[in-house]
There are 2 protein chains.
Amino acid sequence: MTTASNRAFEIIRAQILNGGFAGGMHLKESELTELCGVSRTPVREALRRLAISGLVVFTPHQGAKVVALESGEIDEIYALRAMIEGHAANRAALRITDPMLRQLRRLALDMETAIAGNGADRAEAFLSANREFHAIIMAAADSARLGAMAALVIDVPLTLRTMSRYSEPELARSMRHHRELISAFEARDGGWAEAIMRSHILAASHALVRNTPLEVKGPATESAA
Amino acid sequence: MTTASNRAFEIIRAQILNGGFAGGMHLKESELTELCGVSRTPVREALRRLAISGLVVFTPHQGAKVVALESGEIDEIYALRAMIEGHAANRAALRITDPMLRQLRRLALDMETAIAGNGADRAEAFLSANREFHAIIMAAADSARLGAMAALVIDVPLTLRTMSRYSEPELARSMRHHRELISAFEARDGGWAEAIMRSHILAASHALVRNTPLEVKGPATESAA
DNA sequence: TTGCCCACGATTGTATACAATAATGCCCTC
DNA sequence: GAGGGCATTATTGTATACAATCGTGGGCAA
């Protein structure tokens, strides 16, 4: 069984990511208490952790507010993601194990079939596999501190609904990036892996910016990068 | 007046950085309570923040332990610092203001005179100016998230006493890096600034590793990078 | 009417009491 | 005598009560 603090963290985080808590909204500890079914103490701990993750901002004696991203910040976040995930890919290329490589190949196939199909859960299957793909690379990089940094910039873009904004050519390019990443890993070439990963993230960034309406709203999924 | 939580954070952090708490030491909340003169609640918050900063590690129902760095981790941390501060220098080059540039020039002079002199506070003066020099660049980068990432890898090397390990040629090279950074900023050349900053951090890393005895002990100051 | 000041309410910050969990040492069994 | 299981105890996790602080509204004066 997990701790009450963890439950509170997950519940509040999910609410923010799926849009239940709008950007800029003031989060009152007493309200979160009844939402999560725990007392204020674990709620407070959860809020501090969310503040570290960049999902809420904290001001003394005024509590927590859900972050409201400006368009400039989105560029900034994707630039940081490119830096961090690029570095992770470089490390991963030198450390990845064969079982991990097999998993990557399978996930790449999963994504390609998800794209080719047309079921209702098409997007969900794709995003799930994509998330795992990137998670495996971070795991292969094998650096706790790098993982902590990634957490600072991975969560936030999730507040944007992006999957539906990718055109077919953009998705195809994303697939090619995945395949080329695997090739770079097979060659154990850190520089190649890093370059492709950077391209992958930055391409996603531009696809997002170009297709994003001014006001971002609605239940969110996550970036396809 | 600051909050009790902040006081506890600063007190415990200082104890870790100056070596009062040895690596691997188990930090009991009740003991920290009497050390800091506050109750357990703010102590707990302080410990969580320290865990985020990478200075302590947390395991459920077992509390906090001061981190014990292995030699491999030091390389990893310096690689991350090179990545982050390099990126910060790149951004800073495009955003830095003239007053900030003037400050950098003054601090570079301060460091050079500190090195040239031979007073007892020689090292202290140098390190203080050096810290401010890097802080200004981070501020000029103007990215809260990047600052948060930097915090993950700036604090930890402080647990190592490094200043005394730099040879004269190494210090001279460090000074040249500072001057060249200023030149890159004046030219508003992000790529140049990033390259020099990476060199600066990585050079410091190797100077450290080469001069570090196997067991690192004693009151700590901070890295000269 | 408008601006400022004070008091009130709401909300966060802190302390302490209680519950739950994990480490430790002892005793029993083999 | 050694190993494992159980009870004890120390330590962390949680809840709640209290204190401090900030925003807000009303009232008073210019």
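Since the model is a prediction, treat every value here as computed from it, not as a measurement. Below, chains carry the letters A, B, ... as their sequence lines are ordered, and counting in each starts from 1.
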Using only side-chain N and O atoms of [X], determine if any of them is under 4.0 Å from OP1 or OP2 of [N].
{"X": "A/H26", "N": "C/dA10", "answer": "no"}
{"X": "B/R40", "N": "D/dT12", "answer": "no"}
{"X": "A/Q62", "N": "D/dG23", "answer": "yes"}
{"X": "B/R48", "N": "D/dG13", "answer": "yes"}

Once the angle between the rings of B/F133 and B/H178 is folded into 0 to 90°, is it parallel (under 30°), tilted (30 to 60°) or perpendicular (over 60°)?
tilted
To the side chain of B/K28, which of D/dT11, C/dT16, C/dT14 is closest?
D/dT11
B/V38 side-chain proximity, nearest of C/dA15, D/dG13, C/dG13:
C/dA15
Under 3.5 Å donor-acceptor pair, A/T41 side-chain atoms to D/dT16 base atoms
yes
So which one's nearest nucleotide on DNA chain D is more toward 5', A/P42 or B/L27?
B/L27
Could you check, using the six-membered ring where one of them is a Trp, whether A/H200 and A/H134 have ring centers closer than 6.0 angstrom?
yes
For side chain to side chain donor-acceptor pair (under 3.5 Å), just list the numbers for A/N90 and A/R198, CA-CA rounded to whole Å, side-chain angles, deciding distance to a tenth of an Å, and then say yes or no.
CA-CA 10 Å; A/N90 194 326; A/R198 289 184 61 86; over 6 Å; no
Taking all non-hydrogen atoms of both residues, which atom of A/R95 and which atom of A/A140 are closest, and how far apart?
CB-O, 3.5 Å
